[in-house]
Novice: 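Okay, here's the structure, questions in a sec.
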Amino acid sequence: MEALSRAITAPKLPLHERTSNGSYFRLARRSLRPSSRRIAETGRVFACQGQNPAIEFSDPDWKSKFRKDFERRFNIPHITDIFDDAEPIPSTFSLKMRTPVSEVYAGGYPSDEEWHGYINNNDRVLLKVINYSSPTSAGAECIDPNCTWVEQWVHRAGPREKIYFKPEAVKAAIVTCGGLCPGLNDVIRHIVITLENYGVRKIVGIPFGYRGFSEKSLTEMQLSRKVVQNIHLSGGSLLGVSRGGPEVSEIVDNMEERGINMLFVLGGNGTHAGANAIHNECRKRKLRVAVVGVPKTIDNDILLMDKTFGFDTAVEEAQRAINSAYIEAHSAYHGVGIVKLMGRDSGFIAMHAALASGQVDICLIPEVPFNLHGPHGVLMHLKYLIETKGSAVVCVAEGAGQSFLERTNAKDASGNNVLGDFGVHIQQETKKYFKEIGVPVDVKYIDPTYMIRAIRANASDGILCTVLGQNAVHGAFAGYSGITVGICNTHYVYFPIPEVISHPRAVDPNSRMWHRCLTSTGQPDFV
Ligand SMILES: Nc1ncnc2c1ncn2[C@@H]1O[C@H](COP(=O)(O)OP(=O)(O)O)[C@@H](O)[C@H]1O
Ligand SMILES: O=P(O)(O)OC[C@H]1O[C@](O)(COP(=O)(O)O)[C@@H](O)[C@@H]1O
Ligand SMILES: [Mg+2]
């Protein structure tokens, strides 16, 4: 918890900071204060455990102690932790035949000694793959002051040979929470298809997020391969989404009433905090339930994963808006095109879209402070661009520049801060500034945010959703709960939920990627 409270209170953190227990951690400069505080403020569930092991680096054994602690933190909760009498059965998941195996081989799939094909519970994936030679290396994430290499392994995802649920005794439910994201339907589809492959017949969708567990008028939706066959062809969520909703105890009461013993939760940080709380409540009540998350965030702000589904699609679609802004600006006399992209606390979409398009002159993200006015301000640079190039394109993440707007303290139903519209603000300030200096400009503002969020997943996200959806089901059948699925260094893994939501992920202003973006735009520091 200490690292978090430091991040909340410290106004500016050095890149490497020694914690009170002597361990070194690399900290993003303008870390994630607003969101961390927001989650903490909801006062319900906040996961932040085991971040800082007490390591004494003078101890010759510190590495093995670190590894042991890491293994503990990344251990994925299993049904046998609570039910030591839980007996595994041979998997009913068909690796070679595509008809539901449970119908053909009631006792399980016949073993094939030459080709196995299952994931062993001890298989691991390397979490960090760069061996930094110095804490000063770009992007270095160091454990000790010398940046010593320590292997960090996480659990490999996929189907296990032994399973802990009989398919005929499973009632599986899927719920999608938070905002929309391209690919939700692809994930739903693959969860249903994979459940059917195991032989599950009772599969339901909970309508409109966690709300669907409490509002009597919202009835569960029966799901099958037939129902979900073509849902990936459109964006949105077949089940609907929502923010806010009932308390965790009410959700678990409702799950008990409905006999749900597998719950697949698609959502972001908030949703996962809820999923972990549901998992803990089920354990407290001694319920044999598997709760498995699939991280959904168009903002790409979940820790430890290469990326989250929908992000790629969002970046691709965002380029269309940037290109339109470019064409408008380029075709006008002294044209300025401004595009606002999503990213509440994290500028990943703006940074990647700017990089991908190659048409952006100024990219503004929440993680990097800037001035609008003054000799080093954004507007002065815009003037320079108009004078030298004749036009300019500005790409802003929605969470950028909030300090220039009036604070409202308004919250949405989930407790997230309602942001002011910085896109509109910079548009107005640009017009005002150029009027004042007597230079004519033609400013065009494009806000494609909801158009981007509502589209269907592209091919690359479609594949990611497929694998994540399938692995979510494999994880549940393998007896794991309180876990989420992810892609890590191109391999698929299971994480314990608390580790991925201890704080939202942000762009590191000292990373190579942000510097690549700066190289591409050619923008100076605006401070
Ligand atoms: N700390 C929390 N504990 C339990 N449930 C939460 C928490 N934060 C948010 N939720 C619930 O998760 C759902 C989605 O949260 P939200 O923040 O809107 O989206 P996201 O999951 O994308 O971050 C909402 O129904 C909200 O009530
Ligand atoms: O208008 P809404 O539905 O609250 O959504 C807006 C928010 O959704 C986001 O895309 C992120 O949504 P999630 O919290 O669902 O991940 C933010 O970038 C944006 O602030
Ligand atoms: Mg959120």
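Position 1 is the first residue of the sequence; numbering continues from there. Counting starts at 1 for both ligands and their atoms, in listed order. Heavy atoms only: backbone and side chains are in, while hydrogens, waters and symmetry mates are out.
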Novice: So is there a nitrogen or oxygen of Arg453 less than 3.5 Å from a nitrogen or oxygen in ligand 2?
Specialist: yes
Novice: Evaluate the criterion side chain to side chain donor-acceptor pair (under 3.5 Å) for residue pair His272 and Thr484; output intermediate values, then yes/no.
Specialist: CA-CA 8 Å; His272 273 73; Thr484 196; 2.7 Å; yes
Novice: Should Asn416 be counted as touching ligand 1, given the test is an N or O pair under 3.5 Å?
Specialist: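 In this structure, Asn416 places an N or O atom under 3.5 Å from an N or O of ligand 1.
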Novice: Quick check: does Tyr210 get an N/O under 3.5 Å from an N/O on ligand 1?
Specialist: no
Novice: Which residue and non-hydrogen atom of the protein lie closest to atom 10 (O) of ligand 2, and at what distance in Å?
Specialist: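 Protein heavy atom at minimum distance: Met342 SD, 3.0 Å.
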Novice: Below 4.0 angstrom from a heavy atom of Gly178, which ligand 2 atoms are there? Numbered from 1 as shown, please.
Specialist: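 Those of ligand 2 that fall under 4.0 Å from Gly178 are 15 (O).
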Novice: Out of the candidates His279, His78, His474, only one should pair with Tyr480 under the ring-ring contact (aromatic ring centres under 6.0 Å, His included) rule; please name it.
Specialist: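 Of the listed options, the one satisfying the test is His78.
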Novice: Under 4.0 Å, counting heavy atoms only: does Thr297 come that close to any atom of ligand 1?
Specialist: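 Contact check Thr297 vs ligand 1: negative.
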Novice: Kindly confirm or rule out an N or O of Val248 lying under 3.5 angstrom from an N or O of ligand 1.
Specialist: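 Such a contact does not occur with ligand 1.
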Novice: Does Lys296 have a heavy atom less than 4.0 Å from any atom of ligand 1?
Specialist: yes
Novice: Find all atoms of ligand 2 within a distance of less than 4.0 Å from any non-hydrogen atom belonging to Ile298, and give their numbers and elements.
Specialist: 10 (O)
Novice: Does ligand 1 have a heavy atom under 4.0 Å from the side chain of Asp412, from its backbone, from both, or from neither?
Specialist: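 Near ligand 1, Asp412 shows nothing, with every heavy atom at 4.0 Å or more.
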